[in-house]
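Input: a single structure, listed below in structure tokens.
Model, not experiment: these values are computed from the prediction.
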Amino acid sequence: MGNSKSGALSKEILEELQLNTKFTQEELCTWYQSFLKECPTGRISKQQFEGIYSKFFPDADPKAYARHVFRSFDANNDGTLDFKEYMIALHMTSSGKTNQKLEWAFSLYDVDGNGTINKLEVLEIIMAIFKMINTEDQKHLPEDENTPEKRTNKIWDFFGKKDNDKLTEGEFIQGIMNNKEILRLIQFEPLKVKEKLKEKKH
């Protein structure tokens with residue numbers, strides 16, 4: 001009975017995703033059906049991925065950020081995301097363990113994929129994040145982080161690095177574990193999301 005629901009989703013991929021994400025078999029099968037509706041080929045292109053992000057952020061420009069997120073999840077660098085890569089992306093960005101999320105964040109900021117992060121790479125991602133914050137929300141940012149350059153300087157200072165230093169993955173993860181303020185600065189959390197979370201708590 002389970003098989004008919006899962007369509008062409010193989011048992012191996014289903015088992016692997018159940019192990020590596022918090023999704024149940026039923027949820028994965030449902031996701032798979034909607035994934036195939038959106039992407040009949042079973043793969044998402046960079047353009048489609050940008051389109052998905054644009055729906056989430058209609059009043060901002062998420063294309064640059066979506067491109068970086070896409071790159072960080074295209075595990076085999078073939079320019080598309082298959083269902084497995086897509087679900088792992090969803091899991092990591094929504095509910096992954098802190099360490100998993102930080103490993104992902106490192107690969108997001110390691111723009112050239114050489115295993116270290118430099119200050120220019122941080123600036124590139126922060127600039128992409130700023131494009132997703134609408135102008136009104138940008139006005140409410142603290143004075144020392146209200147431009148991509150200021151925010152990048154603040155992050156780099158927190159890590160205790162000089163301008164041309166590099167960050168390894170270990171330093172990146174350790175630095176954030178030791179200082180939650182860095183986590184806030186490297187993440188994209190629009191004010192609206194925070195407000196919605198507050199509403200849920202009441």
Side-chain angles (χ1 to χ4, degrees), residues 16-17 19-21 43-47 49-50 52-53 57 60-82 84-133 138 141-190 193:
E16 192 178 335
L17 284 171
L19 270 178
N20 292 315
T21 71
R43 296 189 164 274
I44 291 186
S45 69
K46 201 180 286 186
Q47 285 72 23
F49 192 74
E50 286 170 18
I52 292 167
Y53 257 74
F57 304 100
D61 177 15
K63 281 202 175 75
Y65 188 71
R67 266 198 301 277
H68 286 297
V69 173
F70 184 91
R71 167 186 51 77
S72 69
F73 284 118
D74 181 12
N76 57 2
N77 289 319
D78 68 351
T80 62
L81 294 186
D82 59 24
K84 191 171 89 176
E85 289 169 327
Y86 181 66
M87 290 314 291
I88 285 176
L90 260 181
H91 169 72
M92 293 277 256
T93 50
S94 61
S95 56
K97 294 188 184 85
T98 307
N99 228 40
Q100 281 183 319
K101 276 187 174 174
L102 294 181
E103 283 170 14
W104 168 67
F106 182 83
S107 66
L108 178 71
Y109 277 84
D110 181 13
V111 176
D112 64 6
N114 72 347
T116 60
I117 293 173
N118 63 36
K119 196 174 179 181
L120 280 175
E121 287 175 312
V122 174
L123 179 62
E124 189 170 334
I125 302 295
I126 298 297
M127 283 169 84
I129 287 176
F130 262 73
K131 284 183 183 163
M132 293 168 72
I133 307 173
Q138 284 190 31
L141 292 170
E143 175 61 32
D144 63 346
E145 55 186 75
N146 61 5
T147 69
E149 290 75 15
K150 285 182 189 174
R151 183 176 280 204
T152 300
N153 285 335
K154 198 170 175 179
I155 291 167
W156 212 240
D157 288 347
F158 272 136
F159 280 116
K161 293 288 184 183
K162 295 189 179 74
D163 275 4
N164 51 3
D165 283 348
K166 287 179 166 53
L167 264 179
T168 64
E169 186 174 4
E171 289 175 316
F172 180 81
I173 292 173
Q174 199 53 53
I176 293 168
M177 293 291 216
N178 294 342
N179 189 337
K180 290 289 180 278
E181 191 64 1
I182 303 178
L183 188 60
R184 180 183 68 76
L185 291 167
I186 65 160
Q187 283 181 321
F188 168 63
E189 275 192 60
V193 174

Could you tell me the separation between the OG1 atom of T98 and the CG atom of L183, rounded to the nearest 0.5 Å?
8.0 Å
Non-neighbouring partners of E171 that pass salt bridge (charged side-chain N to carboxylate O under 4.0 Å, His left out), sequence neighbours left out:
K161
Heavy atoms of A60 and M132 approach each other most closely as CB-O, 3.3 Å
Minimal non-hydrogen separation, T80 against F70, with atom names
CA-CZ, 3.6 Å
Should E149 and K154 be marked as a salt bridge (charged side-chain N to carboxylate O under 4.0 Å, His left out) after you check the CA-CA gap, both sets of side-chain angles, and the distance that decides it?
CA-CA 9 Å; E149 290 75 15; K154 198 170 175 179; over 6 Å; no
To the nearest 0.5 Å, what is the distance between CD on E181 and CD1 on I176?
12.0 Å
Please identify which of these residues, L167, V111, I117, meets the side chain to side chain contact (heavy atoms under 4.5 Å, CB included) condition with V122.
I117
Please walk me through it: do V69 and F49 pass side-chain contact (heavy atoms from CB on, under 4.5 Å)?
CA-CA 9 Å; V69 173; F49 192 74; 3.8 Å; yes
Does K150 form a side-chain contact (heavy atoms from CB on, under 4.5 Å) with E143? I'd like the steps, not just the answer.
CA-CA 9 Å; K150 285 182 189 174; E143 175 61 32; 3.0 Å; yes
Heavy-atom pair with the smallest gap, counting every atom of N118 and K166
CB-CG, 4.4 Å
Taking Y109 for the side chain and I186 for the main chain, is one N or O donor matched with an acceptor at less than 3.5 Å?
yes
Output all residues satisfying side chain to side chain contact (heavy atoms under 4.5 Å, CB included) with N99, sequence neighbours left out; order by chain, then residue number.
E103, I173, M177
Do the ring planes of F172 and F106 sit parallel (below 30°), tilted (30 to 60°) or perpendicular (above 60°)?
perpendicular
Approximate separation, where rounding is to 0.5 Å, of N179 CG and F158 CZ:
5.0 Å
Exam field: side chain R151 to backbone L185, donor-acceptor pair closer than 3.5 Å:
yes
Taking every non-hydrogen atom, the tightest pair across F159 and G175
CE2-CA, 3.9 Å
With rounding to the nearest 0.5 angstrom, report the CD1 to CD1 distance, I52 to I44.
4.0 Å
Side-chain contact test, heavy atoms from C-beta onward, threshold under 4.5 Å: evaluate it for I155 versus I126 and give yes or no.
yes
Okay, side chain of K131, backbone of K63: is any donor-acceptor separation there less than 3.5 Å?
no
How would you list all residue pairs meeting salt bridge (Lys or Arg N to Asp or Glu O under 4.0 Å) that involve residues 116-127, not counting sequence neighbours?
K119-D163
State whether the side chain of E50 and the backbone N or O of R67 hold a donor-acceptor pair below 3.5 Å, judged by distance alone.
no
Is there a donor-acceptor pair under 3.5 Å between the side chain of D110 and the backbone N or O of G115?
yes
Short side-chain to backbone donor-acceptor contact, D74 and D78, under 3.5 Å:
yes
Partners passing ring pair (Phe, Tyr, Trp, His ring centres under 6.0 Å) against F130 (at least two apart in sequence or in another chain):
none
Should the heavy atoms of other residues, nucleotides or ligands under 6.0 Å from NZ of K84 be counted, would the total exceed 12?
no
Once ring pair (Phe, Tyr, Trp, His ring centres under 6.0 Å) is applied, do any residues pair with Y86, and if so which ones, sequence neighbours excluded?
F35
Do N178 and Q174 get their side chains close enough for a donor-acceptor pair, meaning under 3.5 Å?
yes
Any donor-acceptor N/O pair, E85 side chain to D82 backbone, under 3.5 Å
yes
Residues passing the side-chain hydrogen bond (donor to acceptor under 3.5 Å, both in side chains) test with W156, sequence neighbours excluded, are none
Roughly how far apart are I182 CD1 and Q187 CD, rounded to 0.5 Å?
12.0 Å
Min side-chain heavy-atom separation I125-T152 under 4.5 Å:
no
